[in-house]
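Below you'll find the structure, written out as structure tokens, and then a few comments.
Order of listing sets the numbers, starting from 1, for every ligand and every atom in it.
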Amino acid sequence: MLTYLFEPDDATPAKPQAAPYTPSPIIGASLARIDGPLKTTGRASYAADYNFPRMVYGVAVGSTVANGTIRSVDTSAAKKMPGVLLVLTHENINAALRVPNGVRAGRNSETRGPLEDNIIGYWGQYVALAVAETFEQAQAAAAAVHVQYDGKQANVSTVLDDADVTSSRTNSKRGDTDSAFPSSPVQIDETYVTPVETHNPMEMHATVAVWDGSKFTLYECTQGVVNHLNVMAAVLGVPKENIQVISRFIGSGFGGKLFPWPHSALAATASRRLNRPVKLSVSRKQMFTSVGHRPRTQQRMRIGATPDGKLLSLQQDYRNHTSLGDNVGENCGEATPFLYSVANLQVTSAMVKRNVGAPTPMRGPGAVPGLFAVESAMDELAVKLKMDPVELRLRNDTLTDESNNKPFSSRHYKECLQTGAEKFGWARRTPAIGSMRKGDLVLGWGVAGASWGAGRGGSDATVTLKSDGTVRVSSATQDPGTGTYTVVAQIVSDRTGIPVDKIDVVLGDSSLVPGPTSGGSTATASVIPAVAQGTDDAVKSLLTIATQTSGSPFFQQDTTTLAISGGRVHAADKPSQSGTPYQDLLKLANTGEATGKGHTGGVGSDTDARNYSMHSFGAQFVEVEWDPGIARLRASRVVTVIDGGRIINQKTATNQIAGAVVMGIGMALMEQTIYDPRNGHPINDNFADYLVATNADAPPIDVHFLDIPDPMLGQYGARGIGEIGLAGVAPAITAAVYHATGVRVRSLPVRIEDLLASEA
Ligand code: MOS
């Protein structure tokens, strides 16, 4: 009997008090995406779907060496081909397309400007852009550009050697691990490796650049229209008011679309040069070189503990590879300093230069590979202690962030573990390797914890109540497919009772009032308070109109005695049905609309929130089925419990987490980008050779939310979610693999070859 399963959670931290607010049932409803019909009928326009009169096509040429210099570029044949209008190279681009020194712009992906010089740092780096009347002509011209290189040996070594280390630093430190670890009675000292993973959203990157003689309009797939605008203004050397970035729909990004990539500046430059709209699409193959990846990581974990499982010392020394031109750290220690209580802790990091394109954040950057190491090491410790791995985690739970001594705004990691164990049936687990069977199959059960930062950035929103009975709500954030359109509509509906199908949400356009980047699972938490405030402000102006219009049933009444619900204005102490539809009041006043504005700052400017440590938590329980007869491994069942604040939309939230779990199955069992050691070419740069988990690989996934509002994230207490669902999946799978087979896989992905040593 595992007593912890039924222990009351008596250690819930004293929570800071949120302003009491009880939302209407639309909050937390399982509402389908309001933009779903546009997508399923093909009417939603993604970046590459835009077409304009006189539009021409660009095709980029990638380097076929990964290291060295360009000796010569011969474009003469290409330029003579039919329909060819322009071939850009480093010899004729005439401007460094980079953020100038000293200019604070925003975050770009590569420091070096595209085609800036003749130096080659990675295979596939753009060396030319062919532009022609048709896509086929541009493709043919790109193939006819003849480049000669002075190539040097590429270094894409997967061993992140001591000799290559650069930018070492200590990320977090307390106590003294140097003395605590060696003197610990029980020790774990192992190294874990995660490979390069390439973002593979269904929608490939593209830019359609339209230059009208003074102004750029850029149709993009970006997770941040505002950041994209700021960076491109600096890169292209035009005032911000002369650029508009539009990204209405995005076929997912996973971080790969957070910051601009070189094709955007190239498309804009060609458009300005030719005075014509230019469409430049990044091919699936180019996505493996030119729009980022999750870098390879190598993490040494040292854990010291008492025989009864109390952590004494925790040490994580990690490295990640990065490109020659950019120091992009993979923050593997994101969750390490606060996940468990431990007096002695040290996290250090370093980077290793390789001939690869710039890495970039990929879903749960840092924490996801970091937790693979931390949670794998915890599982190894549990095995060594002969202790249940859930019990080990519960024994080391903490209600204070020991890295900064701040209380958590809302931490329910323990309840995630307990609820997950109960739902999974964990009490039935027998710990011996290969001891659980289902017919000829061996079952493995594994668990791991999850954590991801919570936060809120600044956001504005504009809300307009219109006399035609609709509402327009807008902000320059965007919906990468996660459901932002829908949750924004739900907030307006919650505060007015106006049905969601009357609410027109306008996002994905930098000319709107500023909104947050869709990154780090923070967009929901950021935009919601601004939308709520904007809605309330619009209602206030509606009530003012209602009380100042003669003939209005509320003429000369005090606005503070009035309320809006069910879309009707009524006396606050009377029911909605007694009131007047808001649009009738606007019509009566001969006013087309009542507008409100909302603005909320980020947590950095919030003196209350700054006193708390804010994170989401979760627990992943996984069953694998191992068929020793044919060496087949499948993830067969997942229970995931998420402490992600208040859930605004059960359906889109579940979708986010289930999707992330599938991605975690891919991370554990399939995904890895392999660079050819001879020339740095990613040899599996296509969907046939780079395996991602699909529906066929997805087992039943039970997603459960604790749904406890985070009082530091505004009235709704909603955190963004998505990335948290990926954290912990891979270590839960490798723990389950160990339980089934006795094989401990410390270097992802798990391969059949690893499992041939199975004991079962
Ligand atoms: Mo996320 S990696 O911030 O899109």
Side-chain angles (χ1 to χ4, degrees), residues 106-109 194 196-205 220-228 231 247 249-261 287 291-295 297 320 322 326 328-332 334-335 357-372 450-459 477-484 507-508 515-527 602-603 614-616 618 644 652-653 655-657 659-664 666-667 671 673 692 719-730:
R107 182 162 168 187
N108 203 352
S109 296
T194 62
V196 170
E197 290 180 84
T198 299
H199 311 66
N200 271 293
M202 288 310 296
E203 182 207 17
M204 294 171 283
H205 292 241
E220 288 286 352
C221 48
T222 172
Q223 294 172 240
V225 291
V226 174
N227 179 73
H228 200 94
V231 171
S247 202
F249 295 98
I250 305 157
S252 283
F254 306 123
K257 294 171 183 168
L258 281 169
F259 315 118
W261 290 100
M287 286 193 56
V291 288
H293 60 270
R294 192 201 293 281
T297 73
N320 67 265
T322 187
D326 297 272
V328 182
E330 179 76 7
N331 185 18
C332 294
E334 202 262 350
T360 207
M362 182 175 183
R363 215 166 198 197
V368 164
L371 283 166
F372 171 64
S451 172
W452 180 245
R456 186 181 80 225
S459 181
T477 187
Q478 52 286 306
D479 185 336
T482 50
T484 310
L507 309 174
T517 289
S518 301
S521 299
T522 57
T524 296
S526 307
V527 77
V603 283
M614 297 194 287
H615 305 272
S616 287
T652 54
N655 175 207
Q656 279 300 294
I657 301 302
V661 168
V662 176
M663 202 171 184
M667 177 183 176
E671 290 194 49
T673 306
V692 295
R719 299 179 187 142
I721 49 160
E723 296 172 287
I724 182 72
L726 176 56
V729 176

For this session: Verify the distance criterion only: is there a donor paired with an acceptor across the side chains of T297 and E330 at less than 3.5 Å?
Result: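 Judged by distance alone, the side chains do not pair up.
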
For this session: State, without any angle test, whether S521 and E723 hold a side-chain donor-acceptor pair at a distance under 3.5 Å.
Result: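 Note: S521 and E723 side chains meet the donor-acceptor criterion.
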
Non-hydrogen side-chain atoms of [X] and [Y] separated by less than 4.5 Å:
X    : Y    : answer
R719 : W452 : no
P359 : T322 : yes
T360 : H199 : yes

Atoms in ligand 1 flagged as close to [X], the criterion being non-hydrogen separation under 4.0 Å:
X    : result
G519 : 3 (O)
L258 : 3 (O)
R363 : 2 (S)

Problem set entry | Check against salt bridge (Lys or Arg N to Asp or Glu O under 4.0 Å), E203 and K257 | CA-CA 10 Å; E203 182 207 17; K257 294 171 183 168; 2.9 Å; yes

Exercise. Less than 3.5 Å between some nitrogen or oxygen of S521 and one of ligand 1, yes or no?
Worked result: no

For this session: Would you please determine whether G253 falls within less than 4.0 Å of ligand 1 on a heavy-atom basis?
Result: no

For this session: Pick one of side chain, backbone, both or neither for how P480 approaches ligand 1, counting any non-hydrogen atom pair under 4.0 Å.
Result: neither

Exercise. Using heavy atoms and a threshold below 4.0 Å, how should the contact between M362 and ligand 1 be classified: side chain, backbone, both, or neither?
Worked result: backbone

Problem set entry | Nearest-contact summary for atom 3 (O) of ligand 1 - protein heavy atom, Å |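 The closest heavy atom on the protein side is G520 N, 2.6 Å.
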
For this session: Would you mind checking which non-hydrogen protein atom is closest to atom 1 (Mo) of ligand 1, with the distance to 0.1 Å?
Result: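 Protein heavy atom with the smallest distance to atom 1 (Mo) of ligand 1: E723 OE2, 3.0 Å.
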
Problem set entry | Whether S247 side chain and E220 backbone form a donor-acceptor pair below 3.5 Å | yes

